[in-house]
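What follows is one structure encoded as structure tokens, with my remarks underneath.
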Amino acid sequence: MAAASAALPSQAQTLAPADYTLDIASYTLDLSSKHSIKTIAYNQQVPGPLLRFREGQPVTIDVTNHSGSEEIVHWHGLFSPPDVDGAMEEGTPMIPPGGNASYTLTPSPAGHRWYHTHTFAGVDLILIEPRDNPGRYDQEIFLALHDWDGEMVGSGDGSMNPAYKFASINGRLLGSGDPLRVKQGQRVLLHILNSSATEQHWIALAGHQFRVIALDGNPVPKPQLVPMLRLVPAERVSAVIEMNNPGVWVLGEVRKHIQAAGLGIVVEYANSNGNPVWQQPSSLLWDYSAFAAANPSPAPAGNIIDIPLVFESKFAGHGAPDHWMINGKSWPNTETIPLTRGQRYRLKFKNHSTDDHPVHLHRHNFEIRSLPKNPQTQGVIKDVVLVEAGTDVDVEFTANNPGSTLFHCHQQNHMDEGFMMLFRYV
């Protein structure tokens with residue numbers, strides 16, 4: 001389905017012209033008129049360019065690395081082979097400084113995916129359109145959440161965790177960028193990505209509610225109207241908002257200190273003016289099972305093999321980050337678990353730590369089957385799920401995409417300190 005030629009000098013490339021080109025280079029991002037951040041960006045913009053693919057229609061993307069360090073591009077949520085997926089642990093080649101890579105792939109599955117480096121957290125978007133996509137909305141908007149200027153600080157138990165000075169939507173602090181301009185009576189489809197390296201975010205739009213229609217790009221069995229969204233690192237939510245409350249409003253982080261760091265954007269109705277209004281919710285509300293199938297279907301035929309995965313930390317001393325383990329071992333010493341093509345597996349996540357973990361399975365989707373408050377969940381398809389501290393979560397997937405497959409926590413400091421492992425097909 002896909003092929004890649006990586007790390008070749010530009011004069012050695014003999015492929016047909018690419019459908020898209022990405023240039024990785026250093027960039028100074030103006031979060032506001034007073035605050036700038038030096039970062040790495042695609043095509044000198046944050047977020048990077050939106051790549052809009054058609055499901056099943058092959059595309060070629062040329063990537064050039066002008067960053068000064070080795071780089072790689074991960075196509076998060078796509079069913080790519082391991083030499084293209086964009087994880088060096090699976091075998092995708094790194095792109096050296098000054099080097100070039102050309103990726104040809106057949107986009108699947110349809111939905112809101114994203115691309116990012118696998119050396120740090122990036123801010124970039126993909127939409128794979130279904131072959132038949134009539135769309136019942138008047139405007140489509142993509143929003144990327146990100147945290148900036150982080151440092152490791154001591155927590156109550158002596159270990160180190162990240163803290164940030166700034167948080168943005170589409171690379172701008174609240175009040176610094178253009179508003180989202182809407183009209184009364186519109187149905188607006190929002191695609192929201194949390195591209196933060198480590199932070200969960202809770203999002204609300206004052207005076208409005210969200211009708212969630214997809215999680216991680218996958219349609220939910222039961223769309224629901226909710227007052228707010230929770231997105232952990234790498235999660236995507238697609239939701240429709242009925243624009244039926246004219247005014248000037250704030251769409252932003254529910255927690256006051258994070259919104260004060262800049263995570264928000266103004267939503268402005270046509271012919272409305274005045275200061276933007278925020279209405280503070282009284283509590284944090286989110287539940288994956290709200291979108292699950294109301295009448296669960298029979299279990300797939302055949303046996304399902306359980307794979308228990310226990311998450312634990314090892315205190316590394318005061319002033320140091322914890323070391324993270326899966327089944328008692330840290331990467332690169334974690335066990336590589338064999339998979340048989342066509343077999344269905346149940347991953348039984350057991351979080352014995354005091355931290356939450358947004359875990360991600362590369363090159364596959366999985367179905368949430370058991371949650372702490374709903375042990376009979378069915379129908380919610382994702383590629384990232386939050387396993388909260390001290391809880392168990394079960395997911396199922398069918399091994400249908402052969403090759404090395406990375407599994408890891410999408411909280412960058414946890415992954416950096418050992419929270420990774422591989423599955424391999426036999």
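A 4.5 Å side-chain heavy-atom check between I192 and I169 finds every atom pair outside the cut-off. Residues F311 and W324 fail the side-chain proximity criterion, which asks for heavy atoms closer than 4.5 Å. Residues Q209 and P227 meet the side-chain proximity criterion, which asks for heavy atoms closer than 4.5 Å. The shortest distance between side-chain heavy atoms of D356 and V232 does not fall below 4.5 Å. Between D23 and T21 there is no side-chain heavy-atom pair separated by less than 4.5 Å. Using a 4.5 Å heavy-atom threshold, the side chains of V248 and N275 count as separate. Taking the side chain as every heavy atom from C-beta outward, L145 and S196 never approach each other to under 4.5 Å. Inter-residue side-chain proximity for L309 and M421 is flagged as met; some heavy-atom pair is nearer than 4.5 Å.
With hydrogens and angles disregarded, a donor-acceptor distance shorter than 3.5 Å links the side chain of E253 to the backbone of W202. For the pair N327 (side chain) and V310 (backbone), a donor-acceptor distance under 3.5 Å is present. Within the 3.5 Å criterion, the main-chain N or O of K350 finds no donor-acceptor partner in the side chain of D392. Panel note: side chain Q280, backbone V254; a donor-acceptor pair is recorded below 3.5 Å. The main-chain N or O of G207 is found under 3.5 Å from a side-chain atom of Q279 such that the two form a donor-acceptor pair. Between the side chain of Y425 and the backbone N or O of N401, at least one donor-acceptor pair lies under 3.5 Å. Proximity of a side-chain donor or acceptor of R113 to a complementary backbone N or O of D216 within less than 3.5 Å is detected. Judged by distance alone, the side chain of N400 and the main-chain N or O of G342 form no donor-acceptor pair under 3.5 Å. With T92 contributing its side chain and P82 its backbone, the two residues share a donor-acceptor pair below 3.5 Å. Under the 3.5 Å distance criterion, the side-chain polar atoms of D30 are left unmatched by any main-chain donor or acceptor of S32.
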Side chain to side chain contact (heavy atoms under 4.5 Å, CB included) between F366 and V359, intermediate numbers included: CA-CA 11 Å; F366 50 70; V359 294; 5.6 Å; no
Criterion side chain to side chain donor-acceptor pair (under 3.5 Å) on S102 and D62, from CA distance to verdict: CA-CA 4 Å; S102 184; D62 280 351; 2.8 Å; yes
Verdict with supporting geometry, S404 and R424, side chain to side chain donor-acceptor pair (under 3.5 Å): CA-CA 5 Å; S404 295; R424 62 179 176 87; over 6 Å; no
Residue pair R211, Q224: steps toward the side chain to side chain contact (heavy atoms under 4.5 Å, CB included) verdict: CA-CA 5 Å; R211 184 171 182 80; Q224 287 288 342; over 6 Å; no
Residues D85, H74; criterion side chain to side chain contact (heavy atoms under 4.5 Å, CB included); working and verdict: CA-CA 6 Å; D85 183 51; H74 171 44; 3.3 Å; yes
Stepwise side chain to side chain contact (heavy atoms under 4.5 Å, CB included) check, H362 with H408: CA-CA 9 Å; H362 280 227; H408 63 91; 3.1 Å; yes
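Atom CE of M243 sits about 6.0 Å away from atom CG of L205, to the nearest 0.5 Å. N244 contributes atom CG, which lies 5.5 Å from atom OH of Y269 (distance to the nearest 0.5 angstrom). The CG atom of L347 lies 6.5 Å from the CZ atom of F407; values are rounded to the nearest 0.5 Å. To the nearest 0.5 Å, atom CG of residue L173 and atom CG of residue L263 are 9.0 Å apart. Between the CG atom in N65 and the CD1 atom in I24 there is a gap of 5.0 Å [rounded to 0.5 Å]. Residue I141 holds its CD1 atom at 8.0 Å from CD1 of I265, rounded to the nearest 0.5 Å.
At most 12 heavy atoms of other shown residues, nucleotides or ligands fall within 6.0 angstrom of atom NZ in K183.
The side chain to side chain donor-acceptor pair (under 3.5 Å) with E242 is formed by just one residue from the set Q184, R187, H208; it is R187. Shown are M325, M415, E89; of these, the side chain to side chain contact (heavy atoms under 4.5 Å, CB included) with W331 is made only by E89. Just one residue in the list R363, H410, R236 forms a side chain to side chain donor-acceptor pair (under 3.5 Å) with D383, and that residue is R236.
Side chains of S195 and H146: a donor on one and an acceptor on the other come within 3.5 Å. Inspection of the N413 and E417 side chains reveals no N or O donor paired with an N or O acceptor under 3.5 Å. Using modelled atom types and a 3.5 Å distance limit, the side chains of T391 and N351 yield no donor-acceptor pair.
Of all the heavy atoms in A204 and W278, the pair that sits closest is O-CZ3, 3.6 Å. Closest of all the heavy-atom pairs between S289 and T377 is CB-OG1, 4.1 Å. Contact record, D149 with K165: OD2-CD, 3.2 Å, taken as the closest heavy-atom pair. Shown here for L143 and N170, the closest heavy-atom pair between the two residues is CA-OD1, 3.3 Å. Considering all non-hydrogen atoms of both residues, N303 and Q343 come closest at O-NE2, 2.8 Å. Taking all atoms of both residues into account, the shortest heavy-atom contact from P221 to G379 is CG-O, 3.1 Å.
Applying the ring-ring contact (aromatic ring centres under 6.0 Å, His included) criterion to F397, with sequence neighbours excluded, gives Y345, H364. Scored by the ring-ring contact (aromatic ring centres under 6.0 Å, His included) test, H352 finds no partners at all (sequence neighbours excluded).
A salt bridge does not link E199 to R255: none of the charged side-chain nitrogens sits closer than 4.0 Å to a carboxylate oxygen. Of the charged side-chain nitrogens involved, none lies within less than 4.0 Å of a carboxylate oxygen, so that K373 and E388 do not count as a salt-bridged pair.
Judged as a salt bridge (Lys or Arg N to Asp or Glu O under 4.0 Å), the pairs with a partner in residues 257-286 (not counting sequence neighbours) are, in order, R181-E268.
Ring orientation note: the planes of F419 and H357 are tilted relative to one another, at an angle of 30° to 60°.
Checked against a 6.0 Å centroid threshold, the rings of Y20 and Y42 do not count as neighbours.
In this structure, R230 satisfies the cation-pi test against Y288, with its NZ or CZ atom closer than 6.0 Å to the six-membered ring centre and inside 45 degrees of the ring normal.
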